[in-house]
J.: 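Sharing a structure, written as structure tokens. Questions coming.
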Amino acid sequence: MTPFKALTVSLARTNLRDPATMFFSYVLPPALLVVLALTMGDQPGMDGHDIVDLISPNVMGFGVAFVGMFAGAVTIVEWRENGVGRVLRSAPMTVSSILASALAVAVASALVQAVLVVLTGFLPAVGVTLSPWAILTVVPVFLGTLVFYSLGMLVGLVLPTVTAVSLAVMIMVLPMGFTSGAVLPLKILPGWMQTLSGFLPLTYLLDALRWPLTGVAEPSDALIGLGVTGVVGAALFWAATKLMRWT
């Protein structure tokens with residue numbers, strides 16, 4: 001077994017033994033979709049789509065952002081607290097490979113979460129209508145995880161404890177969910193929030209998800225969302241890699 005594969009398997013097992021990771025990754029997003037569908041399902045949709053078709057991509061994007069950022073931040077802090085970082089730096093792996101291994105686990109978790117959200121959408125009480133291009137959702141899920149995992153790593157490099165990074169993730173992701181249009185449509189938000197949304201990575205992740213998942217946006221919006229998400233993700237991952245060399 002290669003060092004990369006061994007580290008990836010070890011990290012995956014650690015995640016599966018963590019109750020908090022299991023809850024926020026695999027229980028909360030599907031449950032949130034059910035709750036929103038039951039409480040908002042009778043409201044009118046937009047552009048010929050049911051309201052639940054608008055909600056589903058938002059829940060998926062919010063889940064990817066939360067899980068990716070939490071995983072990145074907590075991984076870095078736990079490595080530092082447990083001395084694992086020093087051990088890994090002496091291993092026959094580059095910093096990029098070490099971080100890519102942890103990223104692979106986060107991506108796998110995000111993909112499982114996305115599948116659970118889709119399966120939840122098939123429940124009669126939810127009733128999501130998938131687009132013919134739903135399989136392409138794996139691309140924005142991957143890129144979104146890259147963005148928020150890398151952002152989480154940067155948070156973990158700054159803050160000292162798991163408690164501190166957990167609070168920081170909540171403070172960053174929850175308001176971002178409101179401002180990006182994941183909770184309420186951007187059209188009904190105040191002007192300053194609509195302006196701010198243009199600078200938030202979650203806004204572009206949601207744009208990248210909506211068209212392939214349920215077809216509630218234009219393909220051009222998805223392409224722009226994918227482009228921005230990919231560029232930002234690559235830049236943040238590169239920055240985290242460089243900073244890790246001196247941590």
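Heavy-atom basis, side chains included; hydrogens, waters and symmetry copies ignored.
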J.: Does R80 reach the main-chain N or O of G156 with its side chain, forming a donor-acceptor pair under 3.5 Å?
T.: yes
J.: Answer yes or no: is there a donor N or O on one side and an acceptor on the other, between the side chain of T229 and the main chain of L226, under 3.5 Å?
T.: no
J.: In a table with atom names and distances, give each donor-acceptor pair under 3.5 Å that connects a side chain of residues 168-185 to protein atoms at least two apart or in another chain.
T.:
| unit_1 | atom_1 | unit_2 | atom_2 | d |
| --- | --- | --- | --- | --- |
| T179 | OG1 | P175 | O | 2.9 |
| S180 | OG | M176 | O | 2.8 |
| S180 | OG | G177 | O | 3.4 |

J.: So which heavy atom on T8 is nearest to which on A104, and how close?
T.: CG2-CB, 4.3 Å
J.: Checking side chain to side chain contact (heavy atoms under 4.5 Å, CB included) between T214 and each of V128, L54, D50, I55, which is the one that passes?
T.: V128
J.: Looking at side-chain heavy atoms only, is the closest gap between L28 and F23 below 4.5 Å?
T.: yes
J.: Closer than 3.5 angstrom, by distance alone: can the side chain of Y204 be matched with the main-chain N or O of G198 as a donor-acceptor pair?
T.: yes
J.: Taking the side chain as everything from C-beta on, heavy atoms only, tell me whether W211 gets closer than 4.5 Å to L136.
T.: yes
J.: Are L38 and L123 grouped together when hydrophobic residues (ILVMFWY) are joined by side-chain heavy atoms under 4.5 angstrom apart?
T.: yes
J.: Is there a path of hydrophobic side-chain contacts, each under 4.5 Å between heavy atoms, that joins V158 and L243?
T.: yes
J.: Find out if a path of hydrophobic residues (ILVMFWY) with successive side-chain heavy-atom gaps under 4.5 Å connects L209 to F66.
T.: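 Yes; F66 is reachable from L209 via cluster members.
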J.: Applying side chain to side chain contact (heavy atoms under 4.5 Å, CB included), can you list everything that pairs with S150, at least two apart in sequence or on another chain?
T.: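 Once residues adjacent in sequence are excluded, the partners of S150 under the side chain to side chain contact (heavy atoms under 4.5 Å, CB included) criterion are L146, M153, L236, F237.
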J.: Does the T145 side chain pair with the main chain of G68, one donor and one acceptor, at a distance under 3.5 Å?
T.: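 No, T145 side chain to G68 backbone: no donor-acceptor pair under 3.5 Å.
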J.: Quick one: CG on L202 to CG on L151, what's the gap to the nearest 0.5 Å?
T.: 11.0 Å
J.: Quick check for you: to the nearest 0.5 Å, what is the distance between L103 atom CG and F142 atom CZ?
T.: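 One finds 6.0 Å between CG of L103 and CZ of F142.
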J.: Are the side chain of Q113 and the backbone of V64 linked by a donor-acceptor contact shorter than 3.5 Å?
T.: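 Yes; judged by distance alone, with no hydrogens or angles, the pair exists.
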J.: Please report the interatomic distance CG(L223) to CG(D207), rounded to the nearest 0.5 Å.
T.: 11.0 Å
J.: Just how far is it from atom CG of N58 to atom CG of L205, taken to the nearest 0.5 Å?
T.: 10.0 Å
J.: Of all the heavy-atom pairs spanning L159 and A164, show the shortest one and how long it is.
T.: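 Heavy atoms of L159 and A164 come nearest at CD1-O, 3.7 Å.
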J.: What distance do L33 atom CG and L119 atom CG have between them, rounded to the nearest 0.5 Å?
T.: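 If I round to the nearest 0.5 Å, the distance is 11.0 Å.
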J.: When rounded to the nearest 0.5 angstrom, what is the spacing between OG1 in T75 and CG in L99?
T.: 9.5 Å
